Student: 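To start, I am sharing the structure in question, which I have written as structure tokens.
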Amino acid sequence: MDTDPKQSSCNSSIPTVMLPVDSLLLIFIRYLQLMKFIPWSSPISICDQSIEIPEYNEIDGSSQIISKRKKFKKKQQKLSIEPGLCGLTNIGNTCFMNSAIQCLSNIPQLTKWAKKQQLSNHEQTVTQAYTSLIKSIWSGKNSYISPHDIKKRVSQHAPIFCDYAQKDSHEFMNSLLNALHSEFIENDSSKEQSSIVTNLFCIQTQSRVTCLHCGMCDSLEEITYCLPLPFENESTVTLRRLLNDFLKEELLDGPYYCSNCQDLRSAKQKTNLCQPLPPVIIVQLKRFTFDETNDKLNTFVEYPIVDWNVDDSNNSLYDLVAVSMHVGNLQGGHYTTYARLNGLDQWYHFNDLNIEPVHNTHCLVNRNAYVLVYLKKN
Ligand SMILES: [Zn+2]
């Protein structure tokens with residue numbers, strides 16, 4: 001159990017042992033968990049009460065006590081809160097969601113857009129929930145908030161997020177962006193089909209398949225909000241090589257029906273990134289195999305913090321702005337986020353309620369990196 005020695009030494013009226021009511025409640029909760037009447041991951045709502053509530057440690061399923069919320073809140077109120085430095089309560093295995101939100105919150109253009117939206121609280125949409133969450137995070141009035149509403153609204157678009165089991169931060173980010181886009185299109189009369197999401201994140205890829213018999217070429221254009229980069233289980237690889245592999249021409253695994261030959265043929269395929277590249281590039285490092293082994297690849301991916309030259313032209317330099325990190329494996333783990341506050345120079349580590357400044361940027365590149373968010377320079 002973590003206690004804060006400064007707090008207990010400077011306030012002699014507070015005994016060093018917990019209040020009986022708190023202790024009893026905690027013992028009761030632990031008893032229920034031990035007897036398996038409630039799961040370790042049960043979604044106990046953590047709200048602003050003067051009682052102590054266990055905070056989840058998702059790696060080993062044990063619970064630990066965090067300092068009294070009342071005391072915590074009082075302490076935080078005395079300090080001025082830097083806008084954007086707002087923790088997010090873990091409402092039951094929701095570190096994946098908190099990590100995704102802190103990544104998106106530190107994309108300056110998206111946050112600027114969210115702050116400008118004027119939506120009534122009666123609107124039960126993802127857009128309303130997201131923009132009001134971002135306004136609270138950036139108000140400078142909250143040291144932490146509870147992201148109940150955004151979880152509820154995104155779950156209505158993507159029911160996979162309805163329960164309180166561990167999920168994937170990239171999948172949540174993608175579902176949230178898809179929901180923001182589709183709600184915009186539903187309400188937009190201009191029929192332009194472009195939203196803040198397409199304007200910021202839309203990557204257009206062109207996939208060309210060439211028949212090895214007659215040389216006929218077929219092309220397919222697709223849009224995505226993220227570059228999914230697969231890799232093998234190896235000790236180290238660079239982001240540059242992963243992207244080159246993704247764009248490399250290769251033989252198709254199975255036969256391909258060529259409309260010119262009107263027969264099944266061998267074919268080769270090549271993917272290209274279309275210009276212009278978007279202002280924000282989200283990269284998913286595909287560590288999770290989702291096959292029968294359910295393994296997670298712990299390959300160290302070396303990626304640049306500044307000046308990622310995506311396509312070797314000087315027009316496409318990108319700087320890292322956030323990383324969603326995952327420790328553990330597919331059965332149990334924990335997500336956190338490293339982010340450059342509002343795209344400026346100071347990095348922070350966002351771990352649910354806790355936020356720590358990062359003094360050495362070397363720690364930003366490690367084996368736990370799962371989703372990288374890059375921002376185009378200028
Ligand atoms: Zn052919």
Side-chain angles (χ1 to χ4, degrees), residues 158 160 168 170-171 173-175 177-178 181-182 185 191-195 197-234 236-297 299 301-304 308-318 370-374 376:
I160 186 178
D168 181 311
H170 168 259
E171 206 171 345
M173 209 183 281
N174 211 34
S175 298
L177 294 177
N178 272 312
H181 174 69
S182 60
I185 296 300
K191 304 286 175 234
E192 277 183 16
Q193 303 293 303
S194 69
S195 65
V197 175
T198 52
N199 292 343
L200 286 183
F201 301 95
C202 196
I203 299 168
Q204 193 169 355
T205 61
Q206 185 197 47
S207 169
R208 292 163 68 89
V209 180
T210 309
C211 170
L212 291 182
H213 187 78
C214 71
M216 162 105 158
C217 189
D218 222 355
S219 81
L220 173 71
E221 290 193 350
E222 284 179 301
I223 59 163
T224 170
Y225 300 145
C226 155
L227 271 183
L229 299 181
F231 49 92
E232 304 289 319
N233 198 3
E234 53 192 317
T236 304
V237 68
T238 62
L239 183 63
R240 158 69 46 205
R241 211 200 81 201
L242 293 186
L243 184 61
N244 286 346
D245 287 353
F246 179 75
L247 301 174
K248 188 174 71 184
E249 187 166 57
E250 52 191 0
L251 277 178
L252 278 183
D253 280 346
Y256 159 79
Y257 181 80
C258 172
S259 57
N260 190 41
C261 298
Q262 297 199 334
D263 207 346
L264 293 173
R265 299 292 189 201
S266 297
K268 57 186 182 180
Q269 185 201 23
K270 181 171 179 5
T271 302
N272 292 312
L273 296 177
C274 301
Q275 294 289 343
L277 293 168
V280 182
I281 295 183
I282 299 176
V283 176
Q284 179 198 17
L285 302 174
K286 299 196 78 172
R287 295 192 179 280
F288 300 112
T289 53
F290 295 114
D291 58 10
E292 63 286 350
T293 64
N294 260 346
D295 277 346
K296 181 186 167 192
L297 305 175
T299 300
V301 181
E302 262 180 56
Y303 47 86
W308 179 33
N309 197 340
V310 180
D311 64 357
D312 291 325
S313 76
N314 285 328
N315 299 326
S316 53
L317 290 179
Y318 286 75
Y370 176 47
V371 182
L372 313 175
V373 183
Y374 278 95
K376 194 169 187 174

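These figures come from a predicted structure and were not determined experimentally. Start at 1 and go down the list; that is how both ligands and their atoms are numbered.
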Student: What class does the angle between the rings of H170 and Y370 fall in, given that below 30° is parallel, 30 to 60° is tilted and above 60° is perpendicular?
Tutor: perpendicular
Student: Would you please name every residue forming a side chain to side chain donor-acceptor pair (under 3.5 Å) with T205, sequence neighbours left out?
Tutor: none
Student: Enumerate the protein N/O/S atoms at a distance below 2.8 Å from the Zn ion (ligand 1), ignoring waters.
Tutor: C211 SG, C214 SG, C258 SG, C261 SG
Student: Check for a donor-acceptor pair, side chain of Y374 on one end and backbone N or O of P304 on the other, with a separation under 3.5 Å.
Tutor: yes
Student: Taking ring pair (Phe, Tyr, Trp, His ring centres under 6.0 Å) as the test, write out the residues that go with F201, two or more places apart.
Tutor: none
Student: Suppose we screen for side-chain contact (heavy atoms from CB on, under 4.5 Å). Which residues come up paired with N199, at least two apart in sequence or across chains?
Tutor: S194
Student: Looking at T299 and V301, would you say the former's side chain and the latter's main chain have a donor-acceptor pair under 3.5 Å?
Tutor: no
